[in-house]
Amino acid sequence: MGHMLVTGGAGFVGANFVRHVLSRTAHSVIVLDKLTYAGSLTSLSSLRGPRFRFVHGDIQDAALVDSLFAEVDVVVHFAAESHNDKSLEDPRPFLNTNIVGTYTLLEAARRHRVRFHHISTDEVYGDLALDDPTRFTEESPFDPSSPYSATKAGSDLLVRAWVRSFDVQATISHCSNNYGPYQHVEKFIPRQITNVIRGRRPRVFGDGTNVRDWVHADDHASAVLAIIERGTIGRTYVIGGVGEIQNKTVVELILTLMGESSDGYDYVADRPGHDLRYAIDATRLRTELGWAPQYADFEAGLSATIDWYRHNETWWGPTKDTVETFYTARGQ
Ligand code: NAD
Ligand code: TDX
C-alpha cells in the first residue's frame, strides 16, 4: 500500500484517476488542487474516508508542495491549464502552471526522492496530415502548435532533464483526447452533448474533418496506474484510444444517439492553428505493460457519457453560459 499525491485531482482526468485508484487499489490519496475555473470539488464529493484527503492549493507554492511530498511515496501530476482555445486568448496562466508549476514539483521530487509520474498529451508532437499513414510514437519529435501544447512540451523537457541531471525517478505519458464523465463543458464532446440537452445546435470548428483519437478517461487512468506499477524509470509511454474519428462524425453520432437528426449542427469559425489529426501507436504500452482499453467500443462509451451529462446537469449547468459567451465572442 502506497501514499499517493495527485495534483489536479479535481479536474476531469484527475478526478477519474482518483476514483479509479481508490476503487482498484489500496493506496491512500491526497489531492492537491487550486480549484481554478476547471476544478470542481463536486467531482470528488462522494469520496470520503481515511484513504482520501483534499488540499486546496497551488502547485507553484513550494512550501506547501514540500510539506505534501514529505507525506507520500508517489506523485501523479495532472494539474495544468488544459484548454487550447483559452491558451489562444491568454497564454500566461499556461506558462505559470504548466512550466513553473511543474518545475516546482520537480524540485520537490529531487529533494524527497519520490516516484514521479508526469501526465502529458499527444499534442506535443504537433499534428499529422489527414492521409499520413504514420502515427505518433515515443520517438516522435516535439512540434507543438498552440501555447497550451508548447507549455506542455516545455514541462516534458523539464522532466526529462531532471531525470538525467538529478536522477529523479520519473516517467512521462502522452495521451490522446479523453472523454467521459466530469469533463468541463468547454471541451468538444461535453459542449455538443450539453448543447443538444439545452436545445442549441452543436458547433463544429472549420470543416469538421479534423481527426482525434478518443480514449475514455477510465482507460487513461488504468494506463497511468500500469506505468506507475510496472513502467521503467526515465521512460516515456504514449497512450492511445479506440481509433481515429473525424469531428463531424463524432457530432453526427452524438445527435443520433440523442434522438436528433444527424445533420442538425452548424459549422463555425475555425480554431487558429487548428491541429489536423492526432494518431497514436500505443504498442509499447500494450506489449511491455500489458495494457488494453476497457472502452474499446466508442459508441458505447459515448452513450454512457451522454447519460452521465443528462443526469448531472447540476454539475455542469452553472458553467454552461460562461462557456457559450466565451465561444460566441470568438465566432464559435
Ligand atoms: P482540467 O482542466 O479538467 O483539470 C485541471 C485541474 O488542474 C483542475 O482541477 C484545476 O483546478 C487544476 N489546476 C490548474 N492549475 C493548478 C495549479 N496551479 N495548482 C493546482 N491545481 C491546478 O484538465 P484535464 O483535461 O483533466 O487534464 C489533466 C491533465 O491531463 C493535463 O495535464 C492535461 O495536459 C492532460 N491531458 C488531458 C487530456 C484530455 O483529453 N483532457 C489528454 C491528454 C493529456
Ligand atoms: O465546440 C467545439 N467544436 C469543435 O469542432 C470545440 C470545443 C472543439 N472542436 C474541435 C477542436 C478539436 O479538433 O474538436 C476537437 C477537440 O477539441 P477539444 O475538446 O478542445 O480538444 P483538443 O484541442 O483536441 O485537446 C484535448 O485533447 C488533448 C484536451 O483539451 C487537451 O487538454 C489534451 O491535451
Side-chain angles (χ1 to χ4, degrees), residues 6-17 31-41 43-44 55-61 64-65 76-88 93-94 96-98 100-102 104-105 118-124 127 144-146 148-149 151-152 155-156 173-180 182-192 195 202-215 217 220 224 238-239 241 245-248 250-251 265-271 273-278 280 323-324 326-327 330 332:
V6 178
T7 73
F12 163 48
V13 191
N16 278 283
F17 177 77
V31 165
L32 169 61
D33 198 294
K34 188 180 172 182
L35 297 179
T36 67
Y37 80 95
S40 170
L41 260 188
S43 306
L44 302 168
V55 175
H56 185 202
D58 192 323
I59 57 167
Q60 295 171 85
D61 180 342
L64 174 62
V65 163
V76 191
H77 174 32
F78 289 93
E81 287 293 336
S82 71
H83 193 35
N84 277 299
D85 294 313
K86 278 190 112 68
S87 82
L88 297 166
F94 291 74
N96 290 340
T97 288
N98 299 358
V100 179
T102 301
T104 309
L105 298 175
H118 178 65
I119 304 290
S120 189
T121 166
D122 61 351
E123 295 190 19
V124 299
D127 63 353
S145 314
S146 73
Y148 161 68
S149 49
T151 57
K152 289 299 289 187
S155 69
D156 301 342
S173 56
H174 299 269
C175 191
S176 56
N177 287 59
N178 285 210
Y179 74 102
Y182 303 106
Q183 186 168 27
H184 197 281
V185 294
E186 69 189 356
K187 303 294 186 344
F188 179 53
I189 286 180
R191 184 181 182 210
Q192 314 311 342
N195 272 359
R203 303 281 200 274
V204 175
F205 296 171
D207 65 2
T209 55
N210 303 63
V211 170
R212 296 294 183 267
D213 173 25
W214 293 98
V215 181
H220 188 176
V224 170
V238 299
I239 305 169
I245 311 179
Q246 287 191 325
N247 291 341
K248 60 183 180 184
V250 174
V251 165
Y265 63 93
D266 295 324
Y267 289 109
V268 294
D270 206 357
R271 173 186 284 173
H274 196 176
D275 280 340
L276 272 176
R277 172 172 158 257
Y278 306 139
I280 288 277
V323 166
E324 291 309 319
F326 170 83
Y327 281 122
R330 298 178 62 82
Q332 297 174 320

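Counting starts at 1 for both ligands and their atoms, in listed order.
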| Enumerated ligand 2 atoms positioned under 4.0 Å from heavy atoms of Tyr327 | 7 (C)

| query | Only one of Thr7, Leu32, Val31 forms a side-chain contact (heavy atoms from CB on, under 4.5 Å) with Val55, so which one is it? | reply | Leu32

| Considering only protein heavy atoms, which is closest to atom 21 (O) of ligand 2, and at what distance to one decimal place? | Asn177 ND2, 3.4 Å

| message | Give the atom numbers and elements of ligand 2 that come within less than 4.0 Å of a heavy atom of Arg212. | response | 12 (C), 13 (O), 24 (O)

| query | Which residue owns the protein heavy atom closest to atom 1 (O) of ligand 2, what's the atom, and how far is it? | reply | Arg191 NH1, 2.8 Å

| How many angstroms lie between CD in Glu324 and CD in Gln332, if you round to the nearest 0.5 Å? | 10.5 Å

| query | Where do Gln246 and Gly208 come nearest, in terms of heavy atoms and distance? | reply | CB-O, 3.9 Å

| note | Heavy-atom nearest pair, Val65 first then Asp58, reads CG2-O, 4.3 Å

| request: Would you mind checking which non-hydrogen protein atom is closest to atom 34 (O) of ligand 2, with the distance to 0.1 Å? | output: Tyr148 OH, 2.5 Å

| task | Could you check atom 3 (N) of ligand 2 against the protein and tell me its nearest heavy-atom contact, residue, atom and distance included? | result | Arg203 O, 2.9 Å

| Closest protein heavy atom (residue, atom, distance) for atom 30 (O) of ligand 2 | Lys187 CE, 3.1 Å

| field | Heavy-atom pair with the smallest gap, counting every atom of Gly9 and Asp33 | value | N-OD2, 3.4 Å

| message | What I want to check is whether the side chains of Ser82 and Lys187 have a donor and an acceptor closer together than 3.5 Å. | response | yes

| message | Suppose we measure from atom 19 (O) of ligand 2 to each protein heavy atom; which comes out shortest, and what is that distance? | response | Phe188 N, 2.9 Å

| request: Might you point out which heavy atoms bring Ala80 and Thr97 nearest each other, and give the distance in Å? | output: CA-CG2, 3.7 Å

| said: Side chains of Glu123 and Asn84 only: does a donor on one sit below 3.5 Å from an acceptor on the other? | reply: yes

| query | To which protein heavy atom is atom 22 (P) of ligand 2 closest, and what is the distance rounded to 0.1 Å? | reply | Glu123 OE2, 3.4 Å

| With only distance considered, is Asn84 within less than 3.5 Å of ligand 2 through an N or O on each side? | yes

| task | State whether a side-chain donor-acceptor pair under 3.5 Å links Asn210 with His274. | result | yes

| note | His274 heavy atoms within 4.0 Å reach ligand 2 at atoms 11 (C), 12 (C), 13 (O)

| query | Going by the order shown, which atoms of ligand 2 are within less than 4.0 Å of some heavy atom of Arg271? | reply | 11 (C), 17 (O), 18 (P), 20 (O), 22 (P), 23 (O)

| task | Determine, step by step, whether Trp214 and Val250 satisfy the side chain to side chain contact (heavy atoms under 4.5 Å, CB included) criterion, reporting the C-alpha distance in whole Å, the side-chain angles of both residues, the deciding distance to 0.1 Å, and the verdict. | result | CA-CA 10 Å; Trp214 293 98; Val250 174; 3.8 Å; yes

| query | If we ignore angles and hydrogens, is there a donor and acceptor under 3.5 Å between the side chains of Asp122 and His174? | reply | no

| task | Could you list the atoms of ligand 2 found under 4.0 angstrom from a heavy atom of Thr121? | result | 28 (C), 33 (C), 34 (O)

| At a 4.0 Å threshold, what atoms of ligand 2 neighbour a non-hydrogen atom of His83? | 20 (O)

| task | Sort out the contact shell of ligand 1: every protein residue with a heavy-atom distance below 4.0 Å, listed by chain and number. | result | Gly8, Ala10, Gly11, Phe12, Val13, Asp33, Lys34, Leu35, Thr36, Ala38, Gly39, Gly57, Asp58, Ile59, Phe78, Ala79, Ala80, Ser82, Thr97, Ile119, Ser120, Thr121, Tyr148, Lys152, Cys175, Ser176, Asn177, Asn178

| Would you say the side-chain atoms of Tyr37 and Glu186 include a donor-acceptor pair closer than 3.5 Å? | yes

| Relative to the heavy atoms of Gln192, which atoms of ligand 2 are at a distance of less than 4.0 Å? | 1 (O), 2 (C), 3 (N)

| query | Where does the angle between the aromatic ring planes of Tyr327 and His83 fall among parallel (under 30°), tilted (30 to 60°) and perpendicular (over 60°)? | reply | perpendicular

| task | Tell me yes or no: between the side chains of Asp275 and Ser145, is some donor less than 3.5 Å from an acceptor? | result | yes

| said: Please list, in number order, the atoms of ligand 2 under 4.0 Å from a heavy atom of Ser82. | reply: 30 (O), 31 (C), 32 (O)

| remark: Restricting to heavy atoms, the pick from Phe12, Phe205, Tyr265, Tyr267 nearest atom 2 (C) of ligand 2 would be Phe205

| query | Is the His118 ring parallel, tilted or perpendicular to the His77 ring (thresholds 30°, 60°)? | reply | tilted

| said: Students should be able to answer this: which protein heavy-atom is nearest to atom 15 (C) of ligand 2, and at what distance? | reply: Asn247 ND2, 3.6 Å

